[in-house]
There are 2 protein chains.
Amino acid sequence: MHDTSADRPPVVSTAVALFTIRDDALQVLLVPAGDGTLALPGTTPRHDEGLVAAARRVLAEAAGAEDVWLEQLYTFGDPTRNPAHREVAVTWYALVAADRAPAANAADAPAAGDGAARWAPVAALPALALDHRRIVDYAVQRLRNKLEYTTVGFQLLPARFTLGELQRVYEAILGRPLDKRNFRRKVELLGIVRPTREMRRAGAQRPAQLWRFAATEAPEAIGGPPANTAATPPVELLRVARLSPSLRRGPSRSAVTPPENPAAPERGSAA
Amino acid sequence: MHDTSADRPPVVSTAVALFTIRDDALQVLLVPAGDGTLALPGTTPRHDEGLVAAARRVLAEAAGAEDVWLEQLYTFGDPTRNPAHREVAVTWYALVAADRAPAANAADAPAAGDGAARWAPVAALPALALDHRRIVDYAVQRLRNKLEYTTVGFQLLPARFTLGELQRVYEAILGRPLDKRNFRRKVELLGIVRPTREMRRAGAQRPAQLWRFAATEAPEAIGGPPANTAATPPVELLRVARLSPSLRRGPSRSAVTPPENPAAPERGSAA
DNA sequence: CCAAAAGTGTTTCGAGTACACCCATGC
DNA sequence: GCATGGGTGTACTCGAAACACTTTTGG
């Protein structure tokens, strides 16, 4: 601050891990790095451009995603992390509903275009540039935590959703099955969802009630930074009394003849 | 990352909020800023010096504090936060036991020397430079949260302590009284303290058992960054099942004739 | 003997969890 | 009629919370 031993000043950069749910799996957005590997989308903040603004610009350019939930993750500045040059990377993570990231949606099914962004499931990541793998891992860990006591999860769903969809989002992120009845009771009891008049009928099953997120009044907005004066947050987040932690594993997978060996799979205590 | 519109690159700086408990109150270390106000100690990382290393250097220089608990807080990079020049500040918070910060301890009682660091209670902060007030507030918020599900609290105590001292640390940070019996039971039940053979006798009261932190084996180290390969953590932190959250407000202040109006003071749900 | 902090158990309440069956639909 | 997901209620357990008196010491 008042000690300025500026020799070769580090470059400030930004990297963003954008998550979505596709195929009931948590996926990250990746872009081709220079060296054949993939990387998190990123940029260098322009002068007069704030760090948040830079991150949002990255999201808009790489994924066509605007107004998404965005939170700062960590700042990496180890001199050895980038062999090319000293770089201080301010990293972020962001969430979009699958229906709200046009660019990234277009360029996926075809085996990846050129400079095109593509989604990759976090459960099976390809090789990533630099320490980006670590960044993704850390973001997932954070997301898991936040999922348990906030309503971030809703950022991954469209405006209208069924409770089944909501539960699958939770299960995909936490990596463990939840009990349907407990999940529903708790979600309704917390008052964070409101039923709409619409129903969704999809295929050969009973139509499902559509719900919406009840982010009204926002009793206390929470999130990463000490948001004091600055711009209004693009999305609302509620702090709730533990949404899922309690909701342990759901019913046994096989309803018939439950195998009596309770000690092999499913650990899930996670990092 | 691959888009480099580097015009006037921002300066990277570091600021650290070092906390301790003195006089049963949470206090921060402040140093004189250029302009008559006080500021958090900080510096600019040297080339080839990591961000963590820079923060530790600040702590050593400003407070003579080594091997303290240190965690990254947030990175502020709003172009307007420092009118002088574009600055990206990577901020940290740190904890020391009162008996382990020599420099800061020397320079306090006398009405502040010249370049000397001094402690200020967070409950009554003087005017701080730039957005440092906001940084302190955010750090306190984070500390409160971490206190509830980790053992950070022990970083604020000497190696041997009484359960009364431990409880006062919790109360000072959380800003609310805790129930003595519930607190002790839980702490012992969690197995995070071990009794020593020593007793402390201090003045006109029953001597107190001395305890130590039971940070053995460290079932899972937790903290800020995704510590993967790098150096071994200087201190151990355990994740515990809620140390205090439950411990609501303690016994009514006046044991005699408890006033029957339960609706005025004590809110404490905090931000 | 008085003040001051240390130390110690029990009861109540509610959240968390486990668990199984019927319903509405499309094919 | 059958496969598929939607929808619903209860009982048990355990942690969280409230609560008051005795002990040891120094002055």
OP1 or OP2 of dG7(D) sitting under 4.0 Å from any side-chain N/O of R181(A)?
->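 No.
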
Would you mind reading off the distance between [X] atom [atom1] and [N] atom [atom2], rounded to a whole angstrom?
X       : N       : atom1 : atom2 : value
R168(A) : dT4(D)  : CZ    : P     : 14 Å
D179(B) : dA6(C)  : CG    : P     : 14 Å
L166(B) : dA6(C)  : CG    : P     : 12 Å
K180(A) : dG16(C) : NZ    : P     : 21 Å
L163(B) : dT23(D) : CG    : P     : 20 Å
E188(A) : dT8(D)  : CD    : P     : 7 Å
L210(A) : dG7(D)  : CG    : C1'   : 14 Å
L189(B) : dG9(C)  : CG    : P     : 14 Å

Could you list the protein-to-nucleotides 10-15 of chain D atom pairs, N/O on both sides, closer than 3.5 Å?
residue : atom : partner : partner atom : Å
dT10(D) : O4   : R185(A) : NH2          : 2.9

Starting at CD1 of I192(B), measure out to CZ of R212(B) and round the result to the nearest 0.5 Å.
->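 I192(B) atom CD1 to R212(B) atom CZ measures 12.5 Å (nearest 0.5 Å).
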
For [X], what residues pass the side-chain contact (heavy atoms from CB on, under 4.5 Å) criterion, not counting sequence neighbours?
X       : answer
R201(A) : P207(A)
E188(A) : L163(A), R184(A), W211(A)
E66(A)  : A60(A)
R206(A) : none

Ring pair (Phe, Tyr, Trp, His ring centres under 6.0 Å) against F161(B), all qualifying residues, sequence neighbours excluded |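 With neighbours one apart ignored, the set is F154(B).
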
Give a yes or no on whether the backbone of Q209(A) and the side-chain of T162(A) come within a donor-acceptor separation of less than 3.5 Å.
->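 Answer holds: no.
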
Using the 3.5 Å cut-off, write out each protein N or O paired with an N or O of nucleotides 25-27 of chain D and the distance between them.
residue : atom : partner : partner atom : Å
dT25(D) : O2   : A204(B) : O            : 3.1
dT25(D) : O2   : Q205(B) : N            : 3.3

Can you list the residues that meet the salt bridge (Lys or Arg N to Asp or Glu O under 4.0 Å) rule with E171(B), with sequence neighbours excluded?
->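 E171(B): no salt bridge (Lys or Arg N to Asp or Glu O under 4.0 Å) contacts found.
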
For D24(A), enumerate each residue passing the salt bridge (Lys or Arg N to Asp or Glu O under 4.0 Å) test, keeping only those at least two apart in sequence or located in another chain.
->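 Scan of D24(A) (salt bridge (Lys or Arg N to Asp or Glu O under 4.0 Å), adjacent residues dropped) gives R168(A).
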
